[in-house]
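Proteins come first, then strands; the chains are lettered A, B, ... in the order of their sequence lines, and each starts at number 1.
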There are 2 protein chains.
Amino acid sequence: MVERQRADARRNYERILAVAEEEVAAKGADASLEQIARVAGVGSATVRRHFPTRRALLEAVSQQRIEALCARARELADRKSNNRAGEGRKALLEWLGEVVAYCVTARGLAAALSYDEGHDPLGGNSCAAALIEAGEPLLRSAAREGAVAPRTTVEDLITLAVGLALATEHHPEPTARAEALLALTVAGISPERG
Amino acid sequence: MVERQRADARRNYERILAVAEEEVAAKGADASLEQIARVAGVGSATVRRHFPTRRALLEAVSQQRIEALCARARELADRKSNNRAGEGRKALLEWLGEVVAYCVTARGLAAALSYDEGHDPLGGNSCAAALIEAGEPLLRSAAREGAVAPRTTVEDLITLAVGLALATEHHPEPTARAEALLALTVAGISPERG
DNA sequence: ACCTGAACACCGTTCAAGT
DNA sequence: ACCTGAACACCGTTCAAGT
């Protein structure tokens with residue numbers, strides 16, 4: 001769908017995306033689209049053509065990080081070759097920690113990963129979909145060890161990560177706060193004692 | 001601080017608050033302050049005098065629900081008179097469930113309870129402070145039973161509740177989703193097996 | 001096919017002028 | 001002491017006119 005694009009359109013797309021990355025990094029998910037257009041030297045209507053919704057822009061801006069997290073998931077899934085007990089759990093939790101850290105650090109990412117009520121038949125957004133797919137093997141390994149409840153989904157984990165990022169956004173030390181809360185969530189506020 | 005107020009100022013305050021409740025219920029935390037002023041029949045500058053920040057308005061709008069949750073906490077804390085084992089845990093979790101349900105249902109409440117980076121010496125906002133104080137006895141009872149980790153704070157629980165509400169805001173069935181995720185959080189994603 | 005520029009309706013902030 | 005009205009700078013959306 002990027003094929004056969006006119007050179008100037010392509011150029012504009014790249015420029016807008018580059019500016020958007022800076023603006024979102026500076027101002028967060030609410031960065032001004034108008035400002036982005038201004039700095040990129042295009043009309044706001046042009047921004048809108050390339051990115052019809054704010055969310056589309058945020059997803060594009062976040063794409064590299066999401067790909068990095070997907071790659072990391074695959075890496076961790078492969079690495080557990082030695083099959084020691086508890087290795088699957090460890091890998092899953094390490095990945096989840098990185099997802100949370102990214103969501104807290106990379107402004108706009110949590111918003112891009114938030115559930116989108118768009119009428120997408122699968123009920124998810126394409127952006128989170130890749131991450132969910134990449135995390136699946138990690139979750140399954142951990143579940144096979146009995147380390148996570150059988151009905152847990154990767155989407156649950158992502159939603160929790162997004163929630164932690166959003167809730168700690170205005171704290172003085174968001175990363176530390178989010179990590180502490182993740183630890184609490186992993187261990188359970190009050191797990192059944194068997 | 002509400003004493004010796006001129007009658008018209010008092011009337012305006014009440015009107016603005018009443019309108020704000022409707023608008024926030026309809027549009028959420030991002031409701032238009034201008035629109036609220038219009039419906040209330042006052043200038044936007046008047047709204048600003050009574051509620052200097054959006055947050056102040058959201059806190060005022062949420063006050064009744066917060067008081068209800070505080071009352072509920074006291075009620076649950078008193079009720080566990082029969083001191084049966086696990087009673088403290090049960091009370092805490094029931095309350096936490098209600099906090100989450102309120103945050104999901106009552107638009108603007110999650111925003112009002114979010115951490116405020118204002119230079120408030122205690123590091124919290126006055127709105128959440130009441131809720132934290134009210135929840136303290138419940139948490140302590142549960143902790144005394146060994147049902148929650150000793151270093152857990154009520155603020156942790158509130159922040160988690162806010163996070164769940166924010167993360168599920170755009171889901172088709174926010175309440176069900178938030179409840180499911182709360183259950184997962186209470187049980188733990190992957191508790192240590194002792 | 002793609003872009004621009006302008007018009008539109010909206011927003012929150014600020015302040016001088018009123019009573 | 002409190003309010004109003006207006007001015008300001010900003011926002012996102014839309015569309016007719018350009019190349």
Side-chain angles (χ1 to χ4, degrees), chain A residues 1-61 107-108 111-112 114 116-118 170, chain B residues 1-61 107-108 111-112 114 116-118 170:
Chain A
M1 44 184 56
V2 194
E3 311 147 6
R4 293 282 165 205
Q5 209 175 12
R6 235 168 61 174
D8 54 349
R10 182 82 198 144
R11 217 163 27 227
N12 277 335
Y13 178 91
E14 304 290 3
R15 262 225 295 265
I16 292 167
L17 185 54
V19 172
E21 279 167 6
E22 290 171 19
E23 289 296 319
V24 170
K27 313 276 182 177
D30 297 329
S32 160
L33 301 185
E34 199 74 12
Q35 167 76 357
I36 291 171
R38 259 195 309 270
V39 175
V42 301
S44 67
T46 302
V47 171
R48 189 141 242 280
R49 172 184 323 281
H50 288 293
F51 305 100
T53 65
R54 175 179 292 278
R55 186 187 191 86
L57 183 63
L58 290 176
E59 290 192 7
V61 164
R107 308 195 69 171
S114 296
D116 186 12
E117 51 191 338
H170 301 113
Chain B
M1 46 184 57
V2 195
E3 312 145 7
R4 296 279 166 208
Q5 209 175 13
R6 237 169 58 176
D8 55 347
R10 183 82 198 144
R11 220 165 25 231
N12 275 337
Y13 179 91
E14 304 290 4
R15 262 225 295 263
I16 292 166
L17 185 53
V19 172
E21 281 168 4
E22 292 171 17
E23 288 296 320
V24 171
K27 314 274 181 174
D30 296 328
S32 160
L33 302 186
E34 199 73 13
Q35 167 77 356
I36 290 171
R38 260 197 307 271
V39 175
V42 300
S44 66
T46 302
V47 170
R48 190 140 242 280
R49 174 184 320 280
H50 288 294
F51 305 100
T53 65
R54 174 180 293 278
R55 183 183 195 90
L57 184 62
L58 290 176
E59 290 191 8
V61 164
R107 308 194 69 171
S114 296
D116 186 12
E117 49 191 338
H170 301 112

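Among the nucleotides C:dC3, D:dC11, D:dC2, the one closest to the side chain of A:Ser32 is D:dC11. Of all nucleotides listed (C:dC11, D:dA6, C:dC15), C:dC15 comes nearest to the side chain of B:Ala45. Each of C:dC3, C:dT13, D:dC3 was ranked by its minimum atom distance to the side chain of B:Ala9; first place goes to D:dC3. Out of D:dC3, D:dC11, C:dC3, the shortest distance to the side chain of B:Arg49 is found at D:dC3. Comparing D:dG12, C:dT4, C:dT13 by their nearest atom to the side chain of B:Glu34 picks out C:dT13. With C:dC15, C:dG12, D:dG12 as the candidates, the nucleotide lying closest to the side chain of A:Arg54 is D:dG12. Checking D:dC11, D:dT14, D:dA6 against every side-chain atom of A:Gln35, the shortest atom distance belongs to D:dC11.
D:dC3: no Watson-Crick or G-U partner with both key distances under 3.5 Å is found in any strand. If you check C:dG12 for Watson-Crick or wobble pairing at under 3.5 angstrom, you find it paired to D:dC8.
Atom-to-atom, CZ of A:Arg11 to P of C:dA1 comes out at 19 Å; the value is rounded to the nearest Å. Residue A:Arg15 contributes atom CZ, which lies 14 Å from atom C1' of C:dC2 at whole-angstrom precision. The nearest whole Å value for the distance from the CG atom in A:Leu33 to the C1' atom in C:dC11 is 15 Å. If you measure from atom CZ of A:Arg55 to atom P of D:dG12, you get 17 Å, rounded to the nearest angstrom. In this structure, B:Ile36 places its CD1 atom 15 Å from C1' of C:dC10, rounding to the nearest Å. Distance CD1 (A:Ile16) to P (D:dG12): 14 Å, rounded to an integer number of Å. Atoms CD (B:Glu23) and P (C:dC11) sit 10 Å apart, rounded to a whole Å. If you take CZ of B:Arg38 and P of D:dA6, they are 15 Å apart, rounded to a whole angstrom.
With B:Arg38 contributing its side chain and B:Ser44 its backbone, the two residues share no donor-acceptor pair below 3.5 Å. In this structure, B:Arg54 contributes its side chain and B:Ala31 its backbone to a donor-acceptor pair below 3.5 Å.
Contact check, B:His50 against D:dC3: a side-chain N or O comes under 4.0 Å of OP1 or OP2. In terms of phosphate contacts, A:Arg48 brings no side-chain nitrogen or oxygen within less than 4.0 Å of OP1 or OP2 of D:dC11.
A residue-by-residue look at B:Ser44 and B:Asn12 shows that B:Asn12 has its nearest nucleotide of DNA chain D further toward the 5' end.
Between the CZ atom of B:Arg107 and the CD atom of B:Glu23 there is a distance of 11.5 Å, given to the nearest 0.5 Å.
Looking at heavy atoms from C-beta onward, A:Thr53 lies out of side-chain contact with A:Leu58 at the 4.5 angstrom threshold. Side chains of A:Val47 and A:Asn12 form no contact here, defined as non-hydrogen atoms less than 4.5 Å apart.
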